[in-house]
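Inspection log for the structure reproduced underneath, given as structure tokens.
Reminder, nothing fancy here: chain letters follow the sequence lines and each chain counts from 1. Excluded from the calculations below are hydrogen atoms, water molecules and symmetry mates; all remaining heavy atoms, backbone and side chain alike, are included.
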Amino acid sequence: MSDNIEQDQEVDLEEQQVLDAIAVELPGFSRDVHQLLPVLQKIQHTHGYLPRDSMVMVAAHFAVAAAKVFGIATFYNQFRFNPPGRHPIKVCLGTACHVKGGEIILENFTRRLGIEEGETTQDREYSLERVACVGCCALAPVVVVGEKIESYVTPSKVEGVITEIEIQNEIAEREKAKDEQQSDSE
Amino acid sequence: MSSNPTPNEILSELTQAAEKQWQALQNPAVPVIYVGHATCGRAAGSQETIDGFKDALEEKGLEAEIITVGCLGHCYAEPLVTIHYPGFPPLMYQKVGAGEARVLVNSFIQGGEDPCFEYLLGALEPNDTFPTLMDYPRYLYEKRVIMDQCGLIDPHSLDHYLAVGGYQSLAKVLEKGDKWVVEEIKSAHLRGRGGAGFPAGIKWDIARQAEKTPKVVICNGDEGDPGAYMDRTLMESNPHQVLEGLAIAALAIGASRAVLYIRAEYPLAVSTIEQAIAAAKECNLLGDRILGTDFSLEVSVFQGSGAFVCGEETALIQSIQGNRGMPRYRPPYPAVEGLDGLPTVINNVKTLSTVPAIVRKGSHWFRNIGTEKTPGTAIFSVVGDVEYAGLVEVPMGVSLEHLIFEVCGGIKDGKPFKAVQIGGPSGGCLPESELSTPIDFDSLRQAGAMMGSGGMVVMNDETCMVEVARYFIDFTQHESCGKCTFCRVGTRHLLEILKGLTKGEGSDDDIAELQTLGEEIIKGSLCSLGKTAPNPVLTTLRFFKDEYLAHYREHRCPALMCRDLIAYYIDLETCARGCDACVACCPTEAIFTTSNRKKAIDQEKCVKCGECVYACPPEYDAVRKVSPPEMVPDQGIKPLDKEEEENNE
């Protein structure tokens, strides 16, 4: 329990930092209401998500009702309202991917990571999303892990994708430990 | 006073330098390696391929030029690599990973001894030694107009585009004038390729004659149809062709502003187009006083945010204006009152990409391709259970059968054809009996499907039509903007019925309800999203009614797809002792070893992912799939540990 409280505090602190950064960025953006979507996109691009209060700030910037900004952000599929994981996973559910078992792939990720679509794991390592179509239909089913597109994904490849990330993490940690040891001995 | 140079003269100066560069590339001094590096190439691992070539070349100390190109449409063969070795015709290789790249460097690029026939797809030029791509059925039947240069030129090089005749149509229109080009497009009878098929020339004429100024042109690259990706490919593989078409459209209607609306899910398309705009501006092909004339055009990119309804033009305009993308009643049409109330022409990426070719070769040439009512070509993304999945450009009017079986090689693994889904959520599923339908806007609509944006998903007998209908309604239900009650609530109700059917629940009344409600939604919706949403349900009901009946009357899914109605078991007769392939692959550890070391599936743990079917070696082929689930025979077996436990008791 105490762990969760600590984690929540950490998230709050982080969100405050994001909001502070947005407060600095906002005056640099145009106040033309045509730029509303692009500004939301820029914020999400920089920080990975739209914190609740950032939308209130955007509303003030454009001098429109906060409800309008909320309405827009929730209307479009692109926007997310919680921080993404370090390894965002997007499962494509276009027609070709669906016919080839995309739904089962998504389910496998859900089971493996213990989160539902739209959520982020507690350790902030992974987040899971479904996307309408990434346009790689000839190589279906397709999953986008970070920036990389994995093609011809099978249920057992799901395990492989996660294991690969875990191995990379482990290697990175070992390297880091080695570096620290070295700098300590120096 | 010396006369100012004409647009043509300014352009030919640019072109001359580009052609010189291009000629050098056609007769290379060192080997040139072209790697297909569009999104589909990248998904198949083209970055690893490039790295593989670089490493191997460096190791051997060899010199070669690596050029990244777009997508040729042969997506089934990605990563695609073309090697132009001095003295050989350009040779195209398929499925070239990092390992194959190394082999190609060692045996071909080093010394030119062995051109590695085993990876060869074909040569790009006629020759005596190698089969050429043009002799393959796919090329023989294809007619490439818009995709002519895709996969052959570097999309990031303005020079490549100039060298193959780029921007000459724009220069021609700058000299001949707006009236001339509108007439030319009108007489070519170019119909909008976004799906509706409205004559582009007429749309342009309306906007040209509108009095209000300034005017706007929008390129619609929102391609939200799941299963379609030709717009993405065109923007990634030949962005300047889109821009040239856009500039001509702007000139034709007298617009000073152009917007490319591209969906944010296509980051590579966005960056490629942005880079192309900057390059064209630098050479005065876009921007202020284009090619020394009075014509100026400000071009910008607007990223769509992933709402399917924004493909509809009035919704698209709303989203640029900073609102929810909700369509409005037309008229007034955008050509009269569009973005910010200004006359606005919205054309699809494919429509604009066709324009330069029409201007260059004339409306008469264009009308000779395709059918009388719909001249020109159509690009389809043929995907699903088809042998050669990818993009195909064929003349309008060829039959579906021809396209699927001749051009794309028929159904994968020799399985039977069941249906083809055309036009995404707006389209329908057509069975074998409709395969002779010619492909054009009007005949497809008559058959109950739609051209849509040209997505085509081919399905074999393992795809359940009820489930496909459920999938599309789930999509449109989610994407409905909610303005019209029929679309918002009606599709929701359709979805509930279909969900029930895929679980084996339902009645004859439900089937009747699907039919009448489907027809009512079409009548009661404002925009094309609602007007076409029931199409997948209505066509599957029309052609595959038996399948619907089997679901609720017999609790059986004939295609063995609906997961609530199927079950897997392992046939003990054919299961091998000691083989653990299925146990290793099962994500839920549902497969256990029995006392005689054969395997069995714990039905309670099984999530029916079907992975064991693929894992089971073909020589045993022991995993069976049945529907209804009660058909699993009682084999009376328990996990080994449980059995021992009981024995001990």
Side-chain angles (χ1 to χ4, degrees), chain A residues 32-42 44-45 62 64 68-69 71-79 90 92-105 107-108 111-112 131-140 142-144 147-152 154-159, chain B residues 39-40 42-45 75-76 78 223-229 232-233 264-266 302-308 310 319-325 340 381-385 389-391 421 424 455 457 459 463 468 471-472 475 479 481 563 584-588 607-611 614-615:
Chain A
D32 176 3
V33 79
H34 282 52
Q35 291 298 312
L36 209 152
L37 262 174
V39 164
L40 291 177
Q41 284 169 339
K42 271 180 200 155
Q44 170 151 311
H45 186 78
F62 286 103
V64 295
K68 178 175 164 122
V69 180
I72 288 171
T74 49
F75 182 82
Y76 295 99
N77 296 326
Q78 187 192 10
F79 298 111
K90 293 178 190 152
C92 178
L93 286 173
T95 320
C97 290
H98 174 75
V99 168
K100 300 241 173 191
E103 205 86 39
I104 299 175
I105 303 292
E107 214 184 275
N108 251 13
R111 193 165 35 238
R112 179 64 175 75
V131 284
C133 183
V134 292
C136 286
C137 313
L139 311 172
V142 169
V143 172
V144 189
E147 305 267 294
K148 192 167 179 263
I149 301 175
E150 301 275 351
S151 49
Y152 303 116
T154 56
S156 50
K157 202 170 168 182
V158 166
E159 187 68 38
Chain B
T39 301
C40 38
R42 289 174 193 217
C75 305
Y76 63 93
E78 297 276 15
E223 196 165 51
D225 267 19
Y229 60 103
R232 190 211 74 199
T233 302
E265 284 96 328
Y266 289 170
F302 189 93
Q303 289 190 40
S305 288
F308 177 64
C310 288
S319 85
I320 300 183
Q321 290 179 177
N323 297 318
R324 284 173 164 229
D340 296 326
S381 60
V382 188
V383 297
D385 299 311
L391 293 185
Q421 209 287 335
V457 184
M459 294 175 268
T463 307
V468 167
Y471 166 77
F472 280 113
F475 180 83
E479 293 293 334
C481 79
R563 280 203 281 164
C585 78
C586 181
T588 54
V607 289
K608 301 171 186 177
C609 70
E611 188 70 0
Y614 297 101

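- In this structure, chain A has no heavy atom under 4.5 Å from any part of B/A584.
- Proximity to chain A is limited to the side chain of B/E479, based on heavy atoms less than 4.5 angstrom apart.
- For the set A/E159, A/R111, A/R112, the count of heavy-atom pairs under 4.5 angstrom toward chain B peaks at A/R111.
- For B/R232, the part lying near chain A is the side chain, with the backbone staying farther off; criterion is any non-hydrogen pair under 4.5 Å.
- For the pair B/Y229 (side chain) and A/C133 (backbone), a donor-acceptor distance under 3.5 Å is absent.
- Of the atoms belonging to A/K90, not a single heavy atom falls under 4.5 Å from chain B.
- The closest side-chain heavy-atom distance from A/T95 to A/C137 is not below 4.5 Å.
- Nearest heavy-atom pair across A/C92 and A/C97 is O-CB, 3.4 Å.
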Evaluation steps, side-chain contact (heavy atoms from CB on, under 4.5 Å), between A/F62 and A/V69
CA-CA 10 Å; A/F62 286 103; A/V69 180; 5.9 Å; no
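- Within the 4.5 angstrom heavy-atom criterion, only side-chain atoms of B/C310, from C-beta onward, approach chain A.
- Of the listed residues (A/A140, A/A73, A/G94), the greatest number of heavy-atom pairs within a distance under 4.5 Å of chain B belongs to A/G94.
- A donor-acceptor contact shorter than 3.5 Å links the side chain of B/R324 to the backbone of A/G71.
- Shown here is A/H34, whose NE2 atom has more than 12 heavy atoms of other residues, nucleotides or ligands within 6.0 Å.
- Contacts of B/S381 with chain A are absent, with no heavy-atom separation under 4.5 Å from either backbone or side chain.
- Using a 4.5 Å cut-off between heavy atoms, A/L36 contacts chain B through its side chain alone, with no backbone atom that close.
- Top candidate by heavy-atom pairs under 4.5 Å with chain B, chosen from A/S151, A/P155, A/A96, is A/P155.
- Heavy atoms only, all atoms of each residue included: B/L391 and B/C75 are closest at N-SG, 4.4 Å.
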Go through the steps to decide whether A/I149 and A/L139 satisfy the test side-chain contact (heavy atoms from CB on, under 4.5 Å), and finish with yes or no.
CA-CA 10 Å; A/I149 301 175; A/L139 311 172; over 6 Å; no
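- Only the side chain of A/F79 comes within contact range of chain B, judged by heavy atoms closer than 4.5 Å.
- For A/E107, the part lying under 4.5 angstrom from a heavy atom of chain B is the side chain only.
- Of the two parts of B/D340, only the side chain, counted from C-beta on, holds a non-hydrogen atom closer than 4.5 Å to a non-hydrogen atom of chain A.
- Checking side-chain atoms of A/Y152 against main-chain N and O of B/A44 turns up no donor-acceptor pair under 3.5 Å.
- Residue contact with chain A, scored on non-hydrogen atoms closer than 4.5 Å, is absent for B/T233.
- Interface remark: A/V33 contributes backbone and side-chain atoms alike to the contact with chain B (heavy atom separation under 4.5 Å).
- With chain A as the partner, the residue from B/E78, B/K608, B/M459, B/R563 showing the most heavy-atom pairs under 4.5 Å is B/R563.
- Side-chain N or O atoms of B/S305 include none that pairs as donor or acceptor with a backbone N or O of B/A264 at under 3.5 Å.
- For A/Q41, the part lying under 4.5 angstrom from a heavy atom of chain B is the side chain only.
- Ring geometry for B/F475 against B/F308 counts as perpendicular: the plane angle is over 60°, on a 0 to 90° scale with 30° as the lower cut.
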